[in-house]
*Asks:* 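Have a look at the structure that comes next, please.
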Amino acid sequence: MSLISIIALMTEMHGYKACLETERTALLELKSFFVSVSDIGYDHEILRSWGGDDEGMSSDCCDDWEGVKCSATTRRVMQLSLNKTTKFNDSNYNLFYGGPSASLLNMSLFYPFEELQNLDLSGNRFEGLYENKTYDSFGSLKQLKILNLGDNRFNDSILRYLNTLTSLTTLILRFNNIE
């Protein structure tokens with residue numbers, strides 16, 4: 001029996017449950033993305049509880065990370081609440097014109113979340129979407145039932161992406177630039 005098999009068996013026997021490493025890594029990539037599209041100086045305020053062991057933070061994204069809910073049985077991410085995650089210093093902008101935009105949302109970042117059912121991305125000032133053509137990111141979200149994209153700056157171009165979300169029961173698009 002290989003060492004990996006023994007470790008896996010012991011983990012099962014002792015009931016240790018943590019989030020999947022692939023999803024934990026993907027969540028950390030999401031955090032980096034939100035930091036990169038926010039104003040400089042806010043990185044310490046964005047998803048503070050999301051961190052690695054090397055940062056002195058809990059590595060179990062299912063139990064301890066804000067906005068993340070996992071399945072009790074599979075430990076896969078089922079819900080992501082990332083509303084108002086981007087941070088801007090609005091005092092630097094004329095609020096009459098709506099302040100800065102967080103640019104485009106990289107949908108490829110959601111590819112690893114195969115059991116994601118609820119995704120809240122409201123209030124992040126996204127203008128549009130893009131994805132790595134290697135992945136069919138929206139197509140991978142086969143179990144997504146609730147999608148909140150409200151309070152962003154999306155326009156009609158977003159609609160073509162939404163056709164692939166066949167399990168969607170609730171779609172929130174209020175306060176965008178969709179005509």
Side-chain angles (χ1 to χ4, degrees), residues 20 22-43 45-48 50 61 65-71 76-179:
L20 298 177
T22 55
E23 291 189 351
R24 180 178 176 275
T25 300
L27 288 168
L28 291 174
E29 288 176 15
L30 265 171
K31 179 179 179 173
S32 293
F33 169 76
F34 277 102
V35 167
S36 74
V37 297
S38 294
D39 277 348
I40 294 173
Y42 287 93
D43 44 328
E45 293 182 28
I46 297 171
L47 302 168
R48 282 183 250 182
W50 294 24
C61 54
W65 290 12
E66 64 187 283
V68 178
K69 290 196 180 4
C70 299
S71 163
R76 294 197 76 118
V77 174
M78 294 181 64
Q79 179 176 335
L80 284 175
S81 298
L82 299 170
N83 53 311
K84 297 182 181 175
T85 302
T86 54
K87 304 291 182 207
F88 295 101
N89 181 357
D90 286 328
S91 65
N92 291 340
Y93 302 95
N94 179 339
L95 294 180
F96 178 75
Y97 293 104
S101 170
S103 190
L104 302 176
L105 173 61
N106 181 356
M107 287 308 298
S108 301
L109 294 170
F110 297 96
Y111 183 77
F113 306 109
E114 296 174 10
E115 292 185 23
L116 189 62
Q117 294 179 13
N118 186 335
L119 178 58
D120 184 354
L121 293 164
S122 62
N124 284 298
R125 300 182 183 178
F126 291 120
E127 289 184 333
L129 303 173
Y130 76 95
E131 64 182 330
N132 182 331
K133 293 301 177 192
T134 307
Y135 306 116
D136 177 13
S137 304
F138 268 123
S140 72
L141 298 175
K142 292 180 182 7
Q143 295 188 36
L144 191 65
K145 292 179 170 74
I146 301 168
L147 178 59
N148 186 349
L149 298 174
D151 300 306
N152 281 289
R153 297 179 180 171
F154 292 117
N155 60 31
D156 295 350
S157 66
I158 192 176
L159 299 175
R160 65 185 167 113
Y161 290 100
L162 301 176
N163 285 340
T164 60
L165 299 173
T166 55
S167 296
L168 206 60
T169 59
T170 305
L171 174 63
I172 301 167
L173 292 171
R174 71 171 181 261
F175 303 117
N176 278 288
N177 297 323
I178 298 172
E179 295 180 23

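Here, residue 1 is the first one in the sequence, and each next residue gets the next number.
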*Asks:* Show the nearest heavy-atom pair for residues K142 and S167, with the distance to one decimal.
*Replies:* O-OG, 2.6 Å
*Asks:* Which heavy atom of T22 sits nearest a heavy atom of P112, and at what distance?
*Replies:*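 In this case the closest contact between T22 and P112 is O-CB, 4.5 Å.
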*Asks:* Between N176 (side chain only) and R153 (backbone N and O only), is there a donor and an acceptor less than 3.5 Å apart?
*Replies:* yes
*Asks:* For E114 and Q143, which heavy atoms make the closest approach, and how far apart are they?
*Replies:*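 For E114 versus Q143, the nearest heavy atoms are O-NE2, 3.8 Å.
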*Asks:* For Y161, is there any backbone N or O sitting under 3.5 Å from a side-chain donor or acceptor partner on N163?
*Replies:* no
*Asks:* Please answer whether the main-chain N or O of E179 pairs with a side-chain N or O of D156 as donor and acceptor at a distance below 3.5 Å.
*Replies:* yes
*Asks:* Between the side chain of T170 and the main-chain N/O of I146, is any donor-acceptor distance below 3.5 Å?
*Replies:*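 Side chain of T170 to backbone of I146: no pair is present.
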*Asks:* Would you give the length of the straight line joining atom CZ of R125 to atom NZ of K84, rounded to the nearest 0.5 angstrom?
*Replies:*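 Answer for the CZ-NZ pair, R125 versus K84, is 10.5 Å.
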*Asks:* With side chain to side chain contact (heavy atoms under 4.5 Å, CB included) as the criterion, how do L121 and L105 come out once you've worked through the C-alpha distance, each side chain's angles and the decisive distance to 0.1 Å?
*Replies:* CA-CA 10 Å; L121 293 164; L105 173 61; 3.5 Å; yes
*Asks:* For a 4.5 angstrom cut-off between non-hydrogen side-chain atoms, does W50 reach L30?
*Replies:* yes
*Asks:* Would you give the length of the straight line joining atom CG of N106 to atom OH of Y130, rounded to the nearest 0.5 angstrom?
*Replies:*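 One finds 3.5 Å between CG of N106 and OH of Y130.
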*Asks:* Report the C-alpha separation of T85 and F33 in whole Å, then their side-chain angles, then the decisive distance to 0.1 Å, and conclude whether the side chain to side chain contact (heavy atoms under 4.5 Å, CB included) test is met.
*Replies:* CA-CA 10 Å; T85 302; F33 169 76; over 6 Å; no
*Asks:* C61 and V68: which non-hydrogen atoms are nearest, and at how many Å?
*Replies:*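 For C61 versus V68, the nearest heavy atoms are O-CG1, 3.4 Å.
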*Asks:* Would you say the side-chain atoms of T169 pair up with the backbone N or O of K145, donor to acceptor, closer than 3.5 Å?
*Replies:*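 The answer is yes, because a donor-acceptor pair under 3.5 Å joins these two groups.
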*Asks:* Could you give the distance from OG (S38) to CG (N124), rounded to the nearest 0.5 Å?
*Replies:*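 Here the rounded value is 8.0 Å.
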*Asks:* For the residue pair M107 and L141, establish whether any side-chain heavy-atom pair is separated by less than 4.5 Å.
*Replies:* yes
*Asks:* Please assess K69 against M78 for the test side chain to side chain contact (heavy atoms under 4.5 Å, CB included), listing each intermediate value before the final yes or no.
*Replies:* CA-CA 6 Å; K69 290 196 180 4; M78 294 181 64; 5.6 Å; no
*Asks:* Working to the nearest 0.5 angstrom, can you tell me the gap between L116 CG and S71 OG?
*Replies:* 12.5 Å
*Asks:* Could you give the distance from CD1 (I172) to CG (D120), rounded to the nearest 0.5 Å?
*Replies:* 7.5 Å
*Asks:* Determine, for E66 against R48, whether the closest basic-nitrogen to carboxylate-oxygen distance falls under 4.0 angstrom.
*Replies:*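 Looking at R48 together with E66, the answer is no, because their closest N to O distance does not fall below 4.0 Å.
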*Asks:* On a heavy-atom basis, which atom in F113 and which in V77 lie closest, and how many Å separate them?
*Replies:* CD2-CB, 3.8 Å
*Asks:* Check the pair L80 / L27 against side chain to side chain contact (heavy atoms under 4.5 Å, CB included), numbers first and verdict last.
*Replies:* CA-CA 10 Å; L80 284 175; L27 288 168; 3.6 Å; yes
*Asks:* Would you say the side chain of D151 lies within less than 4.5 Å of the side chain of N83, judging by non-hydrogen atoms?
*Replies:*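 No, side chains not in contact.
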*Asks:* Kindly give the heavy-atom pair with the smallest separation between I158 and I178, and that separation in Å.
*Replies:*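 So the minimum-distance heavy-atom pair works out to CG2-CD1, 3.9 Å.
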*Asks:* Whether the side chain of K87 engages the backbone of E45 through a donor-acceptor N/O pair (distance < 3.5 Å, no angle test) should be reported.
*Replies:* no
*Asks:* If I take atom CG from residue L129 and atom CG from residue L162, how far apart are they, to the nearest 0.5 angstrom?
*Replies:* 7.5 Å
